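Structure record follows, encoded as C-alpha cells.
Keep in mind that the numbers below use all heavy atoms, side chains included, and drop hydrogens, waters and symmetry copies. Reminder, nothing fancy here: chain letters follow the sequence lines and each chain counts from 1. If you're wondering where the values come from, they're calculated on a predicted model, not measured in any experiment.
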There are 2 protein chains.
Amino acid sequence: MPESHYPEIRALGLFSGMADAHFQSLMRGAYVQNFPPQIELIGEGEPSDFLHVVLSGSVDLFSTWNGRDTSLATVRPISTFILAATIRNAPYLMSARTLEKSRIVLIPSQDVRAIFDVDGIFARAIVTELARCYRAVIKSQKDLKLRTSLERLANYLLRQQKRAGGGASFELDVEKRRLASVLGMTPENLSRAFKGLQPYGVAVDGTRISIGDQADLEGFARPNPLIDDFST
Amino acid sequence: MPESHYPEIRALGLFSGMADAHFQSLMRGAYVQNFPPQIELIGEGEPSDFLHVVLSGSVDLFSTWNGRDTSLATVRPISTFILAATIRNAPYLMSARTLEKSRIVLIPSQDVRAIFDVDGIFARAIVTELARCYRAVIKSQKDLKLRTSLERLANYLLRQQKRAGGGASFELDVEKRRLASVLGMTPENLSRAFKGLQPYGVAVDGTRISIGDQADLEGFARPNPLIDDFST
DNA sequence: TTGTCGGCTTGACAAATATCAAGCGCGCCG
DNA sequence: CGGCGCGCTTGATATTTGTCAAGCCGACAA
C-alpha cells in the first residue's frame with residue numbers, strides 16, 4: 001500500500017505507540033481501497049479476514065434478521081471497525097456499507113493477531129479500544145431500554161449539537177431514515193417525534209436543527225454521562 | 001485470601017495461561033467475600049476499584065435512569081464482570097446486586113492493569129474475554145432491535161432449553177419479573193407473551209416450561225447463531 | 001391451620017408505536 | 001421547462017406495549 005497513508009493511520013490511538021518494525025509489518029500486508037457510496041463492504045456471517053480502518057467518508061454498520069433490518073452504528077474517520085471479530089477470529093455480527101465515497105484500509109486479521117502477540121503496547125491499545133467499544137454498546141443498550149423514543153431523540157440532538165460545536169443551530173449529518181433506524185423507530189415516528197419536541201424549543205428545517213431553549217430541552221432529555229458521554 | 005480458592009479461579013480462561021508468579025501477585029491483593037442475597041455490590045457511576053469474579057451464586061447487572069430500571073445481564077459462576085471499566089479505569093456503567101447467596105472475589109483493578117502490562121498471555125486472555133463480552137452485547141442489541149417481544153421470548157426459551165440440556169421440559173432459572181426486564185418488557189406483558197406462545201406448543205407451569213412441538217416453536221422463533229449463539 | 005405477603009396473572013383501559021396510503025417538496029435529468 | 005423519483009411528512013387506523021386495579025396462589029410463619 002502507498003506509504004503516503006502511513007502517517008494518518010499511525011496517528012490512530014490503536015497504532016500510535018507500537019514498535020515501528022511491527023507497524024511496518026502490519027502495513028506491508030495491508031491495502032487501501034476507494035469505494036463508491038452504498039457499497040456493501042462486508043456481510044454478517046462472513047469470516048473476519050480483515051480489520052477495517054476508515055480514512056475518509058463514513059460507514060454504516062447494520063444487521064438483518066427475518067426481513068427486518070436495523071442500523072447499529074456509524075463509523076467515521078479515523079477509526080476501525082469489527083475489531084472484536086478480528087480478535088476472536090469469528091464471523092462478523094454486522095454488515096457494513098459505505099454511506100458516501102470512502103477510503104478504507106484493509107489489514108489482514110491474522111497479521112493483527114500475530115503482531116498482538118509480540119507487541120505489548122499494541123496489545124494494550126487494542127484492549128483499550130475494545131473496552132471503549134464495549135462501553136459504547138452498553139450505553140446504547142441503556143439508551144434503548146430506559147428511554148422512550150422521544151427521550152432518545154432529545155438526547156441524540158443534544159449529543160449531536162455538542163459534536164457540531166455546541167451552537168444553538170446545527171446540521172444533522174445522517175439521513176433521517178437512518179437516524180430513525182439508529183434510534184430504534186420508524187421514519188414516520190421520527191417525524192412525529194420531532195414535532196413532539198417542538199414544545200421544548202426544537203425547530204427543524206430540513207437537516208438543520210435549532211434549539212431554542214437549551215435548558216428546557218435538557219430538562220426534558222435529562223442527559224446522563226453514563227449513557228450519553230461516549231468518551232469515557 | 002485463602003489459598004483454597006486459587007484452583008477454581010486459576011481455571012478461569014482469564015487466568016489459566018498466565019505466569020504463576022503473576023497469578024500469585026494478583027491473588028495477594030485479592031480477597032473473597034460471601035454476600036447474602038439482594039446486596040448491592042457496586043453502583044453505576046462509582047470508580048472501578050475492583051475486578052469481580054463470581055465463584056458461586058449469581059449476580060444481576062442492572063441500570064437506572066430517571067426512575068426506571070432495567071436488567072442488562074446475569075453473571076453466573078465462574079466468570080468476571082466489569083472487566084471493561086477496570087481496563088479503562090472508568091466509572092461503572094451498571095450496578096450489580098447478588099440474586100442469591102454468592103461468593104465473590106475482588107481483585108484490585110490497578111493490580112489487573114499492572115499485570116496486564118507485564119504478562120502477554122494474560123493480556124491475550126483479557127482481549128479474548130473482552131471481545132467475547134462485546135459480541136454478546138451486540139447480539140443482545142440485535143435481539144432487542146430486530147425482534148418483537150414474543151420473538152425474543154421464544155428465542156430465550158430455546159436458548160434456555162439448550163442450556164438446560166435440550167430436553168422438552170426445563171426450568172426457568174430466573175424470576176419472571178427479572179426475565180421480563182432482561183427481555184425489555186413488563187411482567188404483565190411477559191405473562192401475556194407466554195400465552196401468546198401456547199399456539200406454538202409452549203406450556204408453562206410455574207417455573208417449568210414444556211415445549212410440545214420443537215419444530216413449530218423454532219419455526220416461529222427462527223433462532224440465528226449470529227444472535228443466539230453466545231459461544232462465538 | 002390460618003393469615004399474610006409477595007409474585008404472578010388477568011382484565012380493562014390508555015399510551016406508544018407501527019402500518020398503510022396519500023400527498024408534498026425538492027433535486028435531477030431528459 | 002416539465003416530469004419523475006425519492007425521501008420526508010401527514011393522517012387514519014391497527015397493533016403492540018404499558019398502566020392500573022384487582023384477584024389468585026403458593027410459601028412461610030405464627
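- Residue A:Thr186 has a polar side-chain atom (N or O) positioned under 4.0 Å from OP1 or OP2 of C:dA18.
- Regarding A:Leu183, its CG atom lies at a distance of 12 Å from the P atom of C:dT17, rounded to whole Å.
- Atom CZ of A:Arg68 is separated from atom P of C:dA18 by 12 Å (rounded to the nearest Å).
- Rounded to a whole Å, the CD atom of B:Glu151 is 12 Å from the C1' atom of D:dT16.
- For residues 213-232 of chain B, the pairs satisfying ring-ring contact (aromatic ring centres under 6.0 Å, His included) are B:Tyr200-B:Phe220, with sequence neighbours left out.
- The distance between atom CZ of B:Arg208 and atom P of D:dG26, rounded to the nearest whole Å, is 17 Å.
- Atom CG in A:Asp205 sits roughly 15 Å away from atom C1' in C:dC24 (whole-Å rounding).
- Test B:Thr80, B:Leu51, B:Leu14 against B:Val112 for side-chain contact (heavy atoms from CB on, under 4.5 Å) and you get one pass: B:Leu51.
- Taking a 6.0 Å sphere around CZ of B:Arg222, one finds it holds 12 or fewer heavy atoms contributed by other residues, nucleotides or ligands.
- A pairwise comparison of heavy atoms in B:Tyr92 and B:Gly43 identifies CD1-O, 3.7 Å as the closest pair.
- Between the CD atom of A:Gln38 and the C1' atom of D:dG7 there is a distance of 13 Å, rounded to whole Å.
- Here A:Ser71 pairs with A:Asp60 under the side-chain hydrogen bond (donor to acceptor under 3.5 Å, both in side chains) rule; sequence neighbours left out.
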Identify each atom pair where a protein N or O and an N or O of nucleotides 7-11 of chain C are less than 3.5 Å apart, giving names and distance.
residue : atom : partner  : partner atom : Å
C:dC8   : OP1  : B:Lys176 : N            : 3.0
C:dC8   : OP2  : B:Arg177 : N            : 3.3
C:dT9   : OP1  : B:Lys176 : NZ           : 2.8
C:dT9   : OP2  : B:Ser191 : OG           : 2.6
C:dT9   : O5'  : B:Ser191 : OG           : 3.0
C:dT10  : OP1  : B:Lys195 : NZ           : 2.9
C:dT10  : OP2  : B:Lys195 : NZ           : 3.0
C:dT10  : O5'  : B:Lys195 : NZ           : 3.3
C:dG11  : N7   : B:Arg192 : NH2          : 3.0
C:dG11  : O6   : B:Arg192 : NH2          : 2.9

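- For the residue pair B:Leu144 and B:Leu183, the shortest heavy atom distance occurs at CD2-O, 4.2 Å.
- To the nearest angstrom, P of C:dA18 lies 14 Å from CG of A:Asp69.
- Note: CZ (B:Arg147) to P (D:dT15) measures 23 Å, nearest angstrom.
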